[in-house]
Amino acid sequence: MPLPLTTEVRMLKGVGPQRAEMLAKRGIRTFEELLAYLPFRYEDRIHFSTIREIQPGGTYTIRARVASGGAVQSLRGFRKADAVYHLLVQDDTGSLPCKFFHGGYLEGRLKPGQLVILHGKAEIDRLRPARIEMVNPQMELLSGEGEDSTEVGRIVPIYEAIGTFGSRGIRRAMYMALQQLAADFPDPLPAPLRQRLGYPARREAFIAAHFPPAAESIDALNAFSSPAQRRLIFDEFFLYQLSLALDRRAIRRENAIAFAVREERVREALKRILPFKPTGAQKRVLAEIASDLEKPTPMNRLLQGDVGSGKTIVALEAAVIAIENGCQAALMAPTEILAVQHYLSARRILSRAGYRVELLISGLKPKEKAAARERIRTGEAQMVIGTHALIEDDVEFARLGLACIDEQHRFGVLQRKRLMDKAAKHGHAPHVLVLTATPIPRTLSLTLYGDLDVSLLDELPPGRTPIETRLTSEPHLGGVWEFLRGEIARGRQAFVVYPVIEESKLELKAAMAEYARLSKEVFPTLRLGLLHGRLPSEEKDGVMQRFRANELQILVATTVVEVGVDVPNASVMVIEHAERFGLSQLHQLRGRIGRGGEKSFCILVGPQRMSDEARLRLETLVRTTNGFEIAETDLQLRGPGEFFGTRQHGDLGFHIANPLRDRELLELARGEAFALVEDHAQAAALQSVLRVLPPHWHQRYHLARIG
Ligand code: ADP
Ligand code: MG
């Protein structure tokens, strides 16, 4: 009897309770979730190579018989599982030795004469250069002479094992699930769209992605570009972009307060607070924001600008407009240090217009916090600045009209929505301005911020001298300290950054220990401060204040200073263990200097011996200060998951799709999804798409909207 997609995987033969449990841990409970677990690679088992064809350096799939095998205890004291297993296989053309490190588990499992399939790279045996061998090839044991059709004579899907559920077991389960699957298979793509794109139906796409037809190109499959795979990748992007498009439509249908922006008193207030002449880019961006704020629908805008481009003042100008219109404005920052800094400068700047600025961070004493909350509730606080503390349940705004989020890449999408909800209680949605200094390659900004309009601050304020970046290594630290001493003698200040707070087994230099050493041994006559995330709020504050006031000349810190910190007199940034940091992170750190008129220096200190990859990364920084170029390189080197932290990436629900590899499908899917939502003529088609989407999609969509 055909089974629906909602059938539980434990109904499958060969999936007992134990395996069902393992699958469940990976989020696979139903047939549908099982089908989404696609092979990571495909093997051509129609055409095998013969052993005689094998050349060193090539990758081959061969079918051969076991000649002999046995584990060899490699070194004394090693556990049995760590032994090296030696296997000799042969076919009609010759024999091939294989080595399996940590191969103890194979002992006793292979019988002479047994058929196996091996896939791997051929190498020259280092001890016997005349011999070719395979080291740790992938191996599959064939069940016997009656080879079944899932394993040979076809293009075979290779799955990543799930616990002890290996590729072969998963393949069988998949095969059976597909065999038993009911024919009525929901397909979320409207038929005309599917035909226009020339995609196979979703059911056929799953079948062909798991068990490709023999005529399919193996190279296309391994590049994830077969028609079936493209269809499934498109689906993931399409559904995600659909949620963004719906989100955006929902926001546009909400009411926001239309602010008066052209009135004399607003212009006056804006003029009064500006501490300097805005750059052309700042003026242009403020005009874009102002025209959003004039409308009775909520602004939903991303302000992207490289480190130091002057985003803060733009946010404060927007706040002035909100406050002059009788509303509150909020600014949320990812760290306490940054929140406090924004608070101090906002207080200085906004007091010129007589506004009351409030700080809300979790480090406040309970009494202070309660008082702050009360002023936020009554509306006495006009500009509210804080950390995550702002989105806690017990924070209630009198009349929030503008919500700004600084360094959004540090927050999840949900946190943005939560701040928006703080205003929704009063029957209107707030205008939202999101600030980010992580220049995001377009593909990724489409996935992460696809529901936002974008403004670009592409001009640095005048009077900046370019930062000079140098790469050096540990043995030259003495010279670095000498240089630093010279800069300090000329009145400058410096940051010295370490990757960890306390010493650990990783043998990384730690901020605490180095602070002690630098204070005592290297700079005994200078004033040093220590800053890291575990210090109590008050202490962090104190240290930052003294550094800002130039009472401290060197700030030894962890990456707590990574975002936002603005001390224009600091002109040297030394980063030890620079090889441990991501490129974008280093770019942010470097952005802490070069903020005054003085020439600034960033010194990256790496180990004496560095991998090529690490050197390549660090040299990118030496070569350029262009944040976009750095982000592109970072993305290429690390992949999208790493780039954003896996949490955010996983939230997007991509199993097969990879925004980097599949850029062009992403753009295509985005265009189609937005057209479907925004074109009124397609309302019926949209409804039928929404009807077939699985509950978890609705749930994710709902979560993303409501928070
Ligand atoms: P970011 O975009 O990295 O958040 P900030 O808002 O912290 O940058 O601004 C960086 C520095 O530039 C601050 O010291 C700020 O006061 C200064 N600044 C911003 N805009 C201008 C301007 N138009 N003219 C001069 N200095 C400016
Ligand atoms: Mg900033």
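FYI, the numbering just counts along the sequence from 1. Excluded from the calculations below are hydrogen atoms, water molecules and symmetry mates; all remaining heavy atoms, backbone and side chain alike, are included. Order of listing sets the numbers, starting from 1, for every ligand and every atom in it.
- Annotation for ligand 1: atoms under 4.0 Å from non-hydrogen atoms of Arg464 are 10 (C), 11 (C), 12 (O), 17 (C).
- Short contacts between ligand 1 and Pro461, defined as distances under 4.0 Å to a heavy atom of the residue, involve ligand atoms 18 (N), 19 (C), 20 (N), 21 (C), 22 (C), 24 (N), 25 (C), 26 (N), 27 (C).
- Two rings, from His431 and Phe259, have their centers less than 6.0 Å apart.
- In this structure the side chain of Ser351 never reaches within 4.5 angstrom of the side chain of Tyr355, judged on heavy atoms.
- With respect to atom 3 (O) of ligand 1, the closest heavy atom belonging to the protein is Gly308 N, 2.6 Å.
- The protein atom (non-hydrogen) at minimum distance from atom 16 (O) of ligand 1 is Phe276 CE2, 3.3 Å.
- The nearest protein atom to atom 4 (O) of ligand 1, hydrogens excluded, is given as Thr312 OG1, 3.6 Å; this is a heavy-atom distance.
- When non-hydrogen atoms are compared, ligand 1 lies under 4.0 Å from the backbone of Thr279 as well as from its side chain.
- If you number the atoms of ligand 1 from 1 as listed, the ones under 4.0 Å from a heavy atom of Asp566 come out as 11 (C), 13 (C), 14 (O).
- When each atom of ligand 1 is checked for a heavy atom of Val307 under 4.0 Å away, the hits are 3 (O).
- Ligand 1 has no atom lying under 4.0 Å from any heavy atom of Arg592.
- The shortest heavy-atom distance from Ser309 to ligand 1 is under 4.0 Å.
- The 12-atom threshold is exceeded at CZ of Arg623, counting heavy atoms of other residues, nucleotides or ligands nearer than 6.0 Å.
- Judged by the 6.0 Å distance and 45° axis criteria, Arg670 is positioned over the aromatic ring of Phe674.
- Ligand 1 has a nitrogen or oxygen under 3.5 angstrom from a nitrogen or oxygen of Gly310.
- When the heavy atoms of Arg595, Gln282, Lys283, Lys311 are ranked by distance to atom 20 (N) of ligand 1, first place goes to Gln282.
- Ligand 1 has no N or O atom lying under 3.5 Å from any N or O atom of Gly305, backbone or side chain.
- Listed by number with element, the atoms of ligand 1 under 4.0 Å from a non-hydrogen atom of Pro278 are 23 (N).
- Taken from CG in Leu359 to CZ in Arg347, the straight-line distance is 9.0 Å, to the nearest 0.5 Å.
- For Ala330 against Met383, the heavy-atom pair with the smallest separation is C-CE, 4.2 Å.
- Ion pairing of Arg284 with Asp458 is present here, as a side-chain N (NZ or NE/NH1/NH2) and a carboxylate O approach within less than 4.0 Å.
- Annotation: cation-pi pair Arg617/Phe581 absent, no NZ/CZ under 6.0 Å from the ring centroid and within 45° of its normal.
- A ring-centre distance under 6.0 Å is found for Phe483 and Phe601.
- Atoms of ligand 1 lying under 4.0 Å from any heavy atom of Lys277, numbered from 1 in the order shown and given with element: 22 (C), 23 (N), 24 (N).
- Listed for the Glu619 side chain is no donor-acceptor partner under 3.5 Å among the backbone atoms of Leu616.
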